[in-house]
Amino acid sequence: MNVSIFEMPLDFGASRHGSDMGPSAIRLAGIREKIESLGHTINSYMTPISINPQEYESAGNPRAKYLEPITKACRTLAGEVYHTAESGDFPLVLGGDHSIALGSLAGMGRFAKEKHKRLGVLYVDAHGDFNTDETSPSGNIHGECLAASCGYGLKELTDLYYEGVKVEPQNVCFVGTRDLDSGERELMKKAGVTVFSMSDIERHGFPAIVKKIIVFFKSHADIVHVSFDMDVLDPMFAPGTGIPLPAGLTNREALLLMEEMADTGLVRSAEIVEVNPVLDVRNQTAILAVSLAARLLGEKIY
């Protein structure tokens, strides 16, 4: 497989600084070497954006902070992701905060639309990111990005890169969810997304949930984008993330999930976000991010 890696050093979408250094941390943890060791070719490794530090920009709309620089950066990313997918390569995006999903999903949404394919999204995250400017308690766009990609929220977000929905909500599957705002919970139910929360995992066991996820995508999607937020993991395994929450996935569960998704043959793109080296311990969160990417790209233990 040919892989193109895009570093997105963007942390405008979150309140806590530091995730803009996440791509560098993942790079230093050896992601290029790991992917090449699997027999893949890295066709390009680049940062498609040039952006000022957050402190030099005005927050603007308090219900959607830093809207202009985020949309500008994500439009650029969308074009890169689209052209990469169109060429037959695998786009792998390294964040940055989760607002970059706006660009990844816009690029893959256009690709899927032109190929008459159903795009599915596996959203591995402790949070829903399904707020809008009307429901968000913080106004942080990393909490509005998936809702916007599904057609809800500000026009500047919903129509990013091209007008209209980027992924149909019924083709979105969450796993590891454990912290939802009341407004986004109601919108998620209205939209019809599928959610496997940490409570579901406790009730049924992780292997059973993984089987349900695989069945879901085989019936709902022709191609899949995996959006992996490192805060889905328990802080014991991933301390270097912006919003660490207890009672998350273990490293073993996350690695298994990536391996099983690779085996479906449906995954055509991915992003790994919210690595924050400022909060990390000896770069262990970035090292785990490399392992997750490797499993998604076909690495096996035996």
Side-chain angles (χ1 to χ4, degrees), residues 1-8 22-23 25-46 80-81 83-95 101 104-105 107-108 111-112 115 117-125 173 175-176 206-207 209-230 232-233 237-238 249-273 275 284-302:
M1 184 188 296
N2 294 326
V3 180
S4 291
I5 300 176
F6 300 103
E7 293 190 358
M8 288 291 289
I26 298 172
R27 180 175 4 103
L28 293 172
I31 192 162
R32 180 171 196 146
E33 295 80 4
K34 172 63 80 172
I35 291 174
E36 289 178 336
S37 75
L38 299 174
H40 302 306
T41 298
I42 306 294
N43 264 358
S44 65
Y45 196 129
M46 62 178 290
E80 295 290 350
V81 167
H83 290 298
T84 298
E86 178 66 19
S87 72
D89 288 6
F90 186 104
L92 175 61
V93 185
L94 308 178
S104 303
L105 290 175
M108 290 306 295
F111 171 74
K115 299 297 182 184
K117 302 287 188 181
R118 295 171 300 166
L119 175 64
V121 174
L122 177 63
Y123 212 74
V124 193
D125 198 331
C173 180
V175 63
F206 196 65
I209 295 298
V210 171
K211 287 180 182 178
K212 290 176 182 290
I213 292 169
I214 301 305
V215 169
F216 174 88
F217 283 115
K218 286 185 175 179
S219 63
H220 284 75
D222 302 306
I223 59 175
V224 174
H225 174 79
V226 174
S227 189
F228 197 107
D229 189 321
M230 295 300 287
V232 76
L233 292 149
F237 306 103
L249 293 182
T250 68
N251 51 359
R252 291 183 299 174
E253 289 169 336
L255 290 166
L256 171 65
L257 177 60
M258 294 299 97
E259 192 170 324
E260 292 294 313
M261 287 303 298
D263 286 345
T264 67
L266 295 173
V267 180
R268 292 292 304 274
S269 59
E271 64 204 346
I272 300 177
V273 304
V275 171
Q284 72 180 80
T285 305
I287 292 169
L288 180 52
V290 171
S291 295
L292 291 165
R295 292 292 180 92
L296 190 60
L297 290 171
E299 183 183 50
K300 301 282 188 183
I301 293 176
Y302 182 74

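Worth knowing before you read on, the calculation uses all heavy atoms, side chains too, and leaves out hydrogens, waters and symmetry mates. Along the sequence shown, residues are numbered consecutively beginning with 1.
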Worksheet item: For the side chain of S104 and the backbone of A101, is there at least one donor-acceptor N/O pair under 3.5 Å apart?
Response: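 Not at all, since once roles are kept as given, no pair shorter than 3.5 Å links the two residues.
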Worksheet item: Counting only N and O atoms by type, is there a donor-acceptor contact under 3.5 Å from the side chain of R268 to the main-chain atoms of D222?
Response: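 No, because the side chain of R268 does not come within donor-acceptor range (under 3.5 Å) of the backbone of D222.
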For a 4.5 angstrom cut-off between non-hydrogen side-chain atoms, does [X] reach [Y]?
X    : Y    : result
L292 : M230 : yes
I301 : L255 : no
R252 : F206 : no
Y123 : D229 : no
F111 : K117 : no
H40  : F90  : no
K211 : I214 : no
M46  : F6   : yes

Give me the atom names and distance for the closest heavy-atom approach of [X] to [Y].
X    : Y    : answer
C173 : F216 : CB-CE2, 3.6 Å
I5   : I42  : CD1-CD1, 3.9 Å
A254 : F228 : CB-CZ, 3.9 Å
S269 : M108 : OG-CG, 3.2 Å
F217 : V224 : CD2-CG2, 3.7 Å

Item to complete: Have a look at S4 and tell me which of N43, V81, V93 forms a side-chain contact (heavy atoms from CB on, under 4.5 Å) with it.
Response: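 Answer after filtering N43, V81, V93: N43.
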Worksheet item: Which of these, K300, E259, M261, sits in a side-chain contact (heavy atoms from CB on, under 4.5 Å) with R295?
Response: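 Of the listed options, the one satisfying the test is E259.
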Fill in: Lys/Arg-Asp/Glu bridge criterion (N-O < 4.0 Å) met for K115, E86
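Judged by the 4.0 Å cut-off on N to carboxylate O distance, K115 and E86 do form a salt bridge.
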Practice prompt. Rounded to the nearest 0.5 Å, what's the gap from CG on L257 to CG on L296? Could you check?
Written response: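 So the CG of L257 and the CG of L296 are separated by 9.0 Å.
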Discussion item. Would you compute the distance between atom CG of L94 and atom CD1 of I26 and round it to the nearest 0.5 angstrom?
Written reply: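 Between atom CG of L94 and atom CD1 of I26 there are 4.5 Å.
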